[in-house]
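Letters go in sequence order (proteins before strands), and every chain restarts at 1.
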Amino acid sequence: MPELPEVETIANGLQKRVSGDRIESVWLGSKPEPLKSPAAEIARALEGSRIDKVRRVGKHIVFDLRSRTDKSRRQWIVHLGMTGRMLVTSAEAELPRHAHLVAKLASGRELRFVDPRRFGRLEVRQTEFNGPGAEPLLISSEDFARLFHRRAAPIKASLLNQNLLHGVGNIYADESLFRAGIRPRRRANSLTRAELARLHTALREVLQEAIAAGGSSVSDYVDADGEAGFFQLQHRAYGREGQPCLVCKTKIKKIVVAGRGTHYCPKCQK
DNA sequence: ATACCGACCTGTCAGC
DNA sequence: TGCTGACAGGTCGGTA
C-alpha cells in the first residue's frame, strides 16, 4: 500500500499527534504474528516508553522510544506492507477488524496497528535503523546514476529494489518513468547519463508533489487521522490504462514488469 | 551475483 | 445471487 509519500505523511501525522506521549500498555493480537521481533520483546520495549520522535526511513515508520525506568533507547520499526494502517484514535472508537496491536497512551488515546493482509511487519531494535538503501530525496544525481548504470535488470525493477533506493514503490516508479520519458522495460544499464539525470529529477519532483498532496489513496490508504490523500488525482500513468496520455493523447498501455502492473505511454516513453 | 516467480494474506470487483 | 479468478501501494526465499 504505502510508498514513501504515504509513509512520510503518516509519520509526520504521528509525530504531531503522539510525540511526547507515553505508551502505558500494549495489546498484541494472538494468532498470526506480523512480528520480526518476539511479541514479548515488543511489548516490553513499548510499555512505559516515551515516544520521543516519529519519522520515516524508506517505507518504514520509526518510533524513537525512551524507557521510563532505565532511560535506555529503543526504536520501534513499523512496515505497513500493502494494507497496513497506523491510527491514532480515542479509546472509545470501535476496534476495527484486523487490529494486531493496540498501544494505550498516557493521553487516553490509542495507537492502533491494523493490517488486513498481514504483510506489515513490526520490529524493535536497539541499534540505529537506516534502512536498506539510499533516500531518494537526499541522494545526489551522481550517486543516483551510479546506483543504476551497471544494472542489467529493467529500470523499473531497479527502482523497486529497496537495497538500492528505498521508498519507491509501484505507483511512483511508473509516475517517475513517465515524467522522465523512459520505458519501464529498458535495462537500467542502457540509460544515458542524461536519462538518469532526468529520472533523478522526475522522481524527486513526483515524490515531493505527492507528499504535498498527502499521498495517493488508490483504495484504502489513510493517514494517522484516517484521512485519505489526493495525489491519485495527479497520476499521469499509474491506473490510467486505456485512457489518453495527458501529453500526446496516445492510449496508456499496461504491461507486467518485475511481476507488477506497469503503466506507460508508448509514444512519450522511449 | 542477479533475476524471475510463487508465496504470504484478505478484500474487492468483473465476468459468468 | 453467488461462485471463480484475477488483481491490489510489498517483500521474501527458492530456483535457474
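Remark: A/Ser216 engages A/Tyr172, A/His235 in a side chain to side chain donor-acceptor pair (under 3.5 Å) (not counting sequence neighbours). Shown here are the salt bridge (Lys or Arg N to Asp or Glu O under 4.0 Å) partners of A/Asp223, two or more places apart in sequence or in another chain: there are none.
One atom, CZ of A/Arg117, and another, P of B/dC9, lie 11 Å apart when rounded to the nearest Å. Rounded to an integer number of Å, the gap from A/Tyr221 OH to C/dG10 P is 14 Å. If you take CG of A/Leu80 and P of B/dT10, they are 18 Å apart, rounded to a whole angstrom. Atom NE2 in A/His235 sits about 14 Å away from atom C1' in C/dA8, given to the nearest Å. Taking atom NE2 of residue A/His263 and atom P of nucleotide C/dC7, one finds them 11 Å apart after rounding to whole Å. Distance A/Arg97 CZ to B/dT10 P: 9 Å, rounded to the nearest Å. In this structure, the CD1 atom of A/Ile255 is 15 Å from the C1' atom of B/dC4, given to the nearest Å. Rounded to whole angstrom, the span from the OH atom of A/Tyr238 across to the P atom of C/dC7 amounts to 13 Å.
With both ends at atom P, the span from C/dG5 to B/dA7 equals 15 Å, rounded to whole Å. Rounded to a whole angstrom, the distance from the P atom of B/dA1 to that of C/dT11 is 22 Å. Separation of the P atoms belonging to C/dA6 and B/dC5 is 16 Å when rounded to the nearest angstrom.
A salt bridge does not link A/Arg118 with A/Asp115: every distance from a Lys NZ or Arg NE/NH1/NH2 to an Asp or Glu carboxylate oxygen is 4.0 Å or more. A salt bridge links A/Arg56 with A/Glu135: at least one charged nitrogen is closer than 4.0 Å to a carboxylate oxygen. Salt bridge annotation for A/Arg50-A/Asp52: present, with a cationic side-chain nitrogen under 4.0 angstrom from a carboxylate oxygen. The pair A/Arg260-A/Asp174 fails the salt-bridge criterion, with no side-chain N (NZ, NE, NH1 or NH2) lying under 4.0 Å from an Asp/Glu carboxylate O.
Summary of the strand contacts: A/His98 and A/Gly259 both lie near DNA chain B, and taking for each the nucleotide with the nearest heavy atom, the more 5' one is attributed to A/Gly259.
Across A/Val206 and A/Glu175, no two heavy atoms sit closer than the pair CG1-CB, 4.0 Å. Closest non-hydrogen pair, A/Pro2 versus A/Val7, comes out as CB-CG2, 3.8 Å.
Proximity of A/Lys156 to the phosphate of B/dC4: no side-chain N or O atom is located under 4.0 Å from OP1 or OP2.
Both key distances under 3.5 Å define a Watson-Crick or G-U pair, and stretches of 3 or more such consecutive pairs in DNA chain B run B:2-8 with C:10-16, B:10-16 with C:2-8.
Side-chain contact between A/Glu123 and A/His60 is absent, with no heavy atoms from C-beta onward closer than 4.5 Å.
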Using nucleotides 1-3 of chain B, report all nitrogen or oxygen pairs with the protein that are shorter than 3.5 Å.
residue: B/dA3; atom: OP1; partner: A/Ala153; partner atom: N; Å: 2.6

message = For a quick check, with a 4.0 angstrom heavy-atom cut-off, what is the B/S/- contact string for nucleotides 11-16 of chain C, read 5' to 3'?
response = S-----
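The A/Lys254 side chain lies nearest to C/dA8 when the options are C/dA8, B/dC9, B/dG11.
In the hydrophobic clustering (ILVMFWY side chains linked at under 4.5 Å, chained through shared members), A/Ile255 is joined by A/Val257, A/Tyr264.
Taken together through direct or relayed side-chain contacts under 4.5 Å among Ile, Leu, Val, Met, Phe, Trp and Tyr, A/Leu105 and A/Ile10 form part of one hydrophobic cluster.
A/Ser49 and A/Arg74 share no donor-acceptor pair across their side chains, judged by distance under 3.5 Å alone.
Judged by distance alone with a 3.5 Å cut-off, no donor-acceptor contact links the side chain of A/Arg118 to the base of B/dC9.
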